[in-house]
2 protein chains.
Amino acid sequence: MGRKVTVRDKILETAATLFYNQGYVQTGINQIVAEADIAIGSLYKHFKSKNDLLYSYLEQEDIRFFTTVEEKLAQKKTPREKLMAYIDFRIDQQKTGNCTGCHFIKINAEIGRTDDEVQQLVQKHKEKQKNLIKKLVTEIQPSKNNFDAKQLTEMIFTMIEGGVVAATINGNTRSLEDIKKLADKLI
Amino acid sequence: MGRKVTVRDKILETAATLFYNQGYVQTGINQIVAEADIAIGSLYKHFKSKNDLLYSYLEQEDIRFFTTVEEKLAQKKTPREKLMAYIDFRIDQQKTGNCTGCHFIKINAEIGRTDDEVQQLVQKHKEKQKNLIKKLVTEIQPSKNNFDAKQLTEMIFTMIEGGVVAATINGNTRSLEDIKKLADKLI
DNA sequence: GTCTATATTCCGATAGAC
DNA sequence: GTCTATCGGAATATAGAC
């Protein structure tokens, strides 16, 4: 415990990287143990199952996401700048991670709605993203076009989601960058 | 061969259902054999590997998608009606399939860009979808807002993609139905 | 915390008899 | 086309010694 990197953190971080890059099902416990360079006994001491590791992974990524977003947005003044910074963050995320997509969209596609715990974690994460956009869009008080805040939220949220998926498919962020400009023009 | 349902078709159809509903990795050869009610020897006579089955599955779904779309759009007169019919088709697809999402987005999330053949099949499918939207949007000759055909294509395409992902996550098509109205208002 | 051994089950794939 | 047997490996998870 304390300030040191715990064994638990090492396991979770290794699992997160592997789950994200090669998928949950395709990642084996043995591989996590080997790459984290820990004992298998330690893994099952900290996590009761591979499924439990998955839940912790998703919870961690949700916290990491919104912590970083908060930091980025705090550096901007106007809600419009904050919205653009949010989209920039999504773009940078993809650029940094070799356009591997969104942790939650990926796990949803892989596990689907067969696991209630996973479904809830994914739904909550996406709801929080949408609420953030809604808050910023409302603060901007849009008047350029004929759409109200709720409609603009729906459009911008789904465009970003679609743009992230496109990044995963094409291996680049061109679509997301277009969407940033289009959202700016739309609102 | 001929008009009868061949063993190959039975294998492919069973594999398609299982790949779609429970994922490619999680679906075993033995399960396909059992549910298709055929011999494992027959499977490996028609498909040289599980990977080969995956390629055939994606090719089949691409053909099935655009064949159906063509039929639906042929029943409409104006490009605007055709665009709305296209979105309706995407909505109906999700409603029929318990909101399990898009075959190609799912397999992309699962396999990612690690398999070149899969990546190309997914990219081509999405490019064809986007080109169809572009064709219809261009024919509508939009003038309502300040966006040109290319921009509107990007917006509508990514909104639909995001809407399909939202359907997968939430288990309903509310977002997609909103997007249909928004696209209609936008163009 | 480390290590190894192991139980059990499943995987994709092949071979051969009918 | 059917069937069964089997190969080699990997999966999750547990147990015990240090």
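Here is how names work: the chains are called A, B, and so on, in the same order as the sequence lines, proteins then strands, and each is numbered from 1.
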Can you check whether B/Phe104 and B/Phe65 have ring centres sitting under 6.0 Å from each other?
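B/Phe104 vs B/Phe65: aromatic centres not under 6.0 Å.
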Looking at A/Tyr57 versus A/His103, is the centre-to-centre ring distance below 6.0 Å?
yes
OP1 or OP2 of [N] sitting under 4.0 Å from any side-chain N/O of [X]?
{"X": "B/Asn30", "N": "C/dC11", "result": "yes"}
{"X": "A/Lys45", "N": "C/dG1", "result": "yes"}
{"X": "B/Ser49", "N": "C/dG12", "result": "no"}

Which part of the nucleic acid does A/Ile40 contact within heavy-atom distance under 4.0 Å: base, sugar-phosphate only, or nothing?
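A/Ile40: base contact, heavy atoms under 4.0 Å.
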Measure [atom1]/[X] against [atom2]/[N] and give the value in whole Å, please.
{"X": "B/Tyr44", "N": "C/dC11", "atom1": "OH", "atom2": "P", "value": "11 Å"}
{"X": "A/Ile32", "N": "D/dT12", "atom1": "CD1", "atom2": "P", "value": "7 Å"}
{"X": "A/Gln22", "N": "D/dA10", "atom1": "CD", "atom2": "P", "value": "14 Å"}
{"X": "A/Leu54", "N": "D/dT12", "atom1": "CG", "atom2": "C1'", "value": "15 Å"}

Which of the following nucleotides, [options], is nearest to the side chain of [X]?
{"X": "B/Ser42", "options": "D/dG1, D/dT4, C/dT2", "result": "D/dG1"}
{"X": "A/Lys50", "options": "D/dA13, D/dG1, C/dA13", "result": "D/dA13"}
{"X": "B/Ala39", "options": "C/dG1, D/dC3, C/dA13", "result": "D/dC3"}

Other residues, nucleotides, ligands: >12 heavy atoms within 6.0 Å of B/Arg64 CZ
yes
Indicate yes or no: does B/Lys10 engage B/Glu13 in a salt bridge with an N to O separation below 4.0 Å.
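Looking at B/Lys10 and B/Glu13, the cut-off is not met.
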Between A/Gln26 and A/Lys48, which is nearer to the 5' end of DNA chain D once each is assigned its nearest nucleotide?
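First, find each residue's nearest nucleotide; the 5'-ward one identifies A/Gln26.
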